[in-house]
Every structure is written in structure tokens, then in C-alpha cells.
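The first residue in the sequence is number 1, and the count goes up from there. Not measured: the values here are computed from a predicted model.
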Amino acid sequence: MSGEPQRTLLLWCPDWPVLAAEIVDGVPATDPVVVLHANRVIACSERARAEGIRRGLRRREAQGRCPHLTVVDHDPGRDVRAFEPVVAAVEEVVAGVEVIRPGACATAARGPSRYLGGEEAAAERIVEHVAQSCAVESQAGIADGVFAAGLAAREGRIVTPGGTREFLAARPVEALGRPALADLLRRLGVRTLGEFAALPAGDVLARFGFDGALAHRLAGGRDDRPLAVRQPPADLTVTADYDEPVDRVDAAAFAARMLAERLHERLAGYGLACTRLGIEAVTAHGQELHRVWRHDGLLTAAAIADRVRWQLDGWLSGSNGRGGTRPARPTAGIVRLRLVPDGVLAQAGLQPGLWGETGEERERAHRALSRVQGILGPEAVVTAVLGGGRSPADQVRLVPWGDERAPARPGPPPLPPAGAAPGAASASVVVPAGGGAGRRAGRGRAVAEPPWPGRIPPPSPAVVLPTPLPADVRDAAGEPVVVSARLAVSAAPARLTVGDGRPAEITGWAGPWPVDERWWAPAEARRRARFQVCLADGAALLLAVEGGMWLVEAIYD
């Protein structure tokens, strides 16, 4: 606990829950308005008080006194959101503000009184600035300690230094804000804060406990703790202006490297690291470009530079990195580049795993793959992320290395492989973009499948074909196998021909598993049935029939 109380300036906004309802929800505060919590009034407007409504009344009694009363439910989040601009306005005048509660904030009075010409001038300046900036009426009070300053603010009063005990002495014990303690004190004959402060501290602690001892200190003009002022967040953004518009990729890459090093040095100076990076650019014609890059880990200076270079390359060349349709490039060169660390954490915030999943091997692989990305581009190295879905192709999403590994469809997180130590993570398989005939889909992983209706039963296929192969399925008589609208199979599948290959004998099959997706949107509706088949050569395939055509979707081991 603190010793001598600090000279404190407290700003108080009367009836703040009512005013917050007006600011956020548009409820007129000039009408009879009450804010209810647990069916009791916790705040009311001036018109409501004129009708005889007071705090603590039940809803029915309050409405009985004022039939045209407007009732608003208590919302702490609304009160906080509406009060934030007020705190920001106070911070424009003084530094170091502590929010006591929504509607009240405090700061040390010594600094503002020295550079604003005295305590009274400082209080008037803050109240006036809040009124001009936020259109909010407020009152300021100054006293020794936060508690006394709060009572002084309700009267708009400045208590002289050293006169706080006299100021508090005549106040009723209800001013402590502890109804149960105040009721007990009154029954014991203690009616004012001065009488309560005169009691021995040891006896108060023994009779009323720790909370009573804290209230005893407040009654004597001593705070239980010093001000815990909040520090304005540091400006971590870095900006570069260019006299000559940058319209070449090589010049943009050089500018990106210099700006990335500045950002990394600024973050390191605060002991922070970036996990999500915002890249903003302004062209000579005033066009504004913005993109946010996520990263599963800490962005180093080189990683920041790579991502800025990739983004500038995409903007200036109009390429999307896959050779597809080119978006419109900017109408002029870039004259301003800005990097905004949208997500930061303490540099030691990523703790290595107990079983080594984020250990030295992972870091070595991360550096190698990031180097490949720096040479070939962000989508040259991708990883598979498992999620929900009805088919293997739906359950796998490829994301660039280092980006946020979020599944495309909701589903529970993957489980570790059988026999692995608790907490051990399964390694993702790195796939070159566009390479190979297929992609590995979670082979050797025990995955808790989400409850998607119509999904195929386990085991999952090992290879999911990026483009399904056309096939032909016939029965023992050589007739095509057909699946009706009621999922009736015309005959048992006997032979399978994939593309122009040779027919293969089907030794076993299971299905069909129907899928009828997005039937409510005719343009996006899709209806198909899937089969699992085993061939005479030991191969196992996942087949689908859609619109009378057979397709090979995946291959089992």
C-alpha cells in the first residue's frame, strides 16, 4: 500500500451508462431513461430523477413512478466503447491516464497544473477539451488520492493540499460504495467517514476483515494503491516517401528491403516481433493499395522484406503469381510506402515445444523453405492443412509456407499419430506448387473427422488427384453400370477402365455414398455418388459418378 496519497485530478461524466446508450444506440438522454442490471436501476437520466426515480429501484416500481420511462439493459462493453474517445481526448492534454471505470478517469495533477497554469486552469482545460472533442459534459475534481478526488469531482471542487481528511470527515459512510459495510457501521453508531477513520486500524481489520481495512484507509484519505496510468501505445509504423514514383520491380525491392530493416529495428527496440504485417502504398495519382500478410511464426527482417517485395511485385506487374488473369496494375508509380505491424507479441512469446515440435530442426527447415520462397515466390512452397469436408479434396487446403494454417472448412483439430507422445504435432508435407500428379493427403495421420454428413468412411486415401480422371465401369455382361436417382445400382461393378488404359477386374466394391450439395442454389448445385473399389492388381480407388459419368478422385495405398 502507498504512503502519502498523490495529488490526483479525476474527470467524472455524470450518468455515463445513460450517456453511453445515447452515443452508441441513439437513446435520447434528455428523456426519462434508466439503465437496469439484475432488474434494478443502476443509472438514470436527469428527467428520470425529476420523476422520483433513484438508483436501486426495481423495474416495476420505476415504471410505476414514470409510465413513459425508457428502459435500457446494462451493457459494460457499450460503456467502455463509448468512453474510449473521452480518454483519448484527455490524453491529448495530459499524459498518463488511468481509467477508473467507464465514465471516470484520473491522472496525476502535478504535471498538468505546472504547464497549464495551476490546478484550476488544468481542470478547466480538460473539461473544455472533452466538451469540444466529444460533446460530453464532465466535471473535474482534485484532491489527495483517487477516492477523495472522485468525491470532489461530483461537486466540481478542488480540495486544498492537506485538507483531504477534513473534506472526507463529514461524508456519510455510504460514500465508500460498500452498502453492506455502510449498513453495519450505521447499526454500530458510525455514521460518517471521520468517525470510521478515527477507529484503530487493528480493530477494524479484526472486526471487518481486509476489505474493511481498505475502506478504513480510504476514509482516512489514504489510497490503497498509487495511480496505475496507462501508457499510450508506441507508434511502430514505418513510412517512406519517394520524390520519384517507384514503378519498377527492382527499385521497389530495394525500397522494401530498406523499409523492412527499419521496421525490424524499431520492433527490436521495444522487444517485440511481428506476426501479421500490413503493407500500404499510395500512388502518384492518389490510389491507395492495402494488403495484410499473416505468418505462422515471427517475421524476421528478411521475411518482412520478402513479403513486401512479393506484394509490390504483384501490384506493379499486375501478376497474381499463378499466370492467371492479371489484375489492373496501378495507374502511376508508388510515392509512399507504409508498413504497419498489425500483430505483435513479445519476442520471447513463442516458447519451444516440450517435445521439440518447434525446435532446432523446425527452425532449420523454416529458414531453408523461406529461402526457396525468396527465390521462387510466396506460392512456390505450400503445405497441406486438413479440415472438414465430404470428400478428400475438400478436406485439404494448400497454404503458402509461413502463412496462417487455418482450415478452409470447420472441423476439429488433428490428433497426433498413434503412439506419439502427448502434445507432439504431426509434420506437414511440403508440396511444390503445380508439381506431381497428385498431392499427399494426410498419409499416416490419425485425424478426428468432423461430422460432415455424406463423407466417405475411413481410411482416407493417400493421393488426391488434382483433376479427376475419366473412367468407365461395366458389369459382368459388359453393360455400363448406372446409378439411378434413388441410388439404385443397375448391376455389380465388374470391370474398370481408366482413360485409355486397359480394363481391370474389380474384386470388391462399397457404396454408394450420396452427396447432394447446395441444392438451394441451382447454379451451384452438385449431386454425385461415390464408391470405393478394389482391383485385381491390389490397387484401391475412390470413384464418383456424376451426371452419368464415372471419375477417379483418389487412390488408396
Do the charged groups of [X] and [Y] touch, with an N to O distance under 4.0 Å?
| X | Y | result |
| --- | --- | --- |
| Arg7 | Asp144 | yes |
| Arg186 | Glu174 | yes |
| Asp15 | Arg49 | yes |
| Arg191 | Glu195 | no |

Which atom names give the shortest non-hydrogen contact between [X] and [Y], and what distance separates them?
| X | Y | value |
| --- | --- | --- |
| Pro112 | Ala109 | CD-O, 3.6 Å |
| Ala240 | Arg262 | CB-NH1, 4.3 Å |
| Val34 | Leu69 | CG2-CD2, 3.5 Å |
| Leu193 | Leu176 | CD2-CG, 3.6 Å |
| Ala20 | Ala82 | CB-CB, 3.8 Å |
| Trp315 | Ala281 | CZ3-CB, 3.7 Å |

Flag the pair [X] / [Y] as yes when at least one side-chain heavy-atom distance between them is below 4.5 Å, and no otherwise.
| X | Y | result |
| --- | --- | --- |
| Val340 | Leu236 | no |
| Ile126 | Val94 | yes |
| Val335 | Thr283 | no |

So does [Y] get a backbone contact from the side chain of [X], meaning a donor-acceptor N/O pair under 3.5 Å?
| X | Y | result |
| --- | --- | --- |
| Trp12 | Ala140 | no |
| Arg217 | Asp223 | yes |
| Asp75 | Gly77 | yes |

Given the ring of Phe167, does Arg171 sit roughly above its face, with NZ or CZ under 6.0 Å from the centre of the six-membered ring and within 45° of the axis?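 Here Arg171 passes the 6.0 Å and 45° test against Phe167.
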Please enumerate all residues that pass salt bridge (charged side-chain N to carboxylate O under 4.0 Å, His left out) together with Arg58, with sequence neighbours excluded.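 For Arg58, no residue satisfies salt bridge (charged side-chain N to carboxylate O under 4.0 Å, His left out) once neighbours in sequence are set aside.
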Report the residues that fulfil salt bridge (charged side-chain N to carboxylate O under 4.0 Å, His left out) with Arg125, sequence neighbours left out, ordered by chain and then residue number.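 Salt bridge (charged side-chain N to carboxylate O under 4.0 Å, His left out) list for Arg125, sorted by chain: empty.
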Derivation of the salt bridge (charged side-chain N to carboxylate O under 4.0 Å, His left out) call for Arg65 and Glu61: CA-CA 6 Å; Arg65 296 185 181 185; Glu61 185 177 356; 3.0 Å; yes
Side-chain donor-acceptor contacts of residues 198-215 below 3.5 Å, not counting sequence neighbours, with atom names and distances?
from	atom 1	to	atom 2	distance (Å)
Asp211	OD1	Arg178	NE	3.2
Asp211	OD1	Arg178	NH2	3.3
Asp211	OD2	Arg178	NE	3.0

Exceeds 12 heavy-atom contacts within 6.0 angstrom, atom CZ of Arg266: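 Enclosed.
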Given Val90, Leu11, Val136, the one that forms side-chain contact (heavy atoms from CB on, under 4.5 Å) with Val127: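 So the option named by the test is Leu11.
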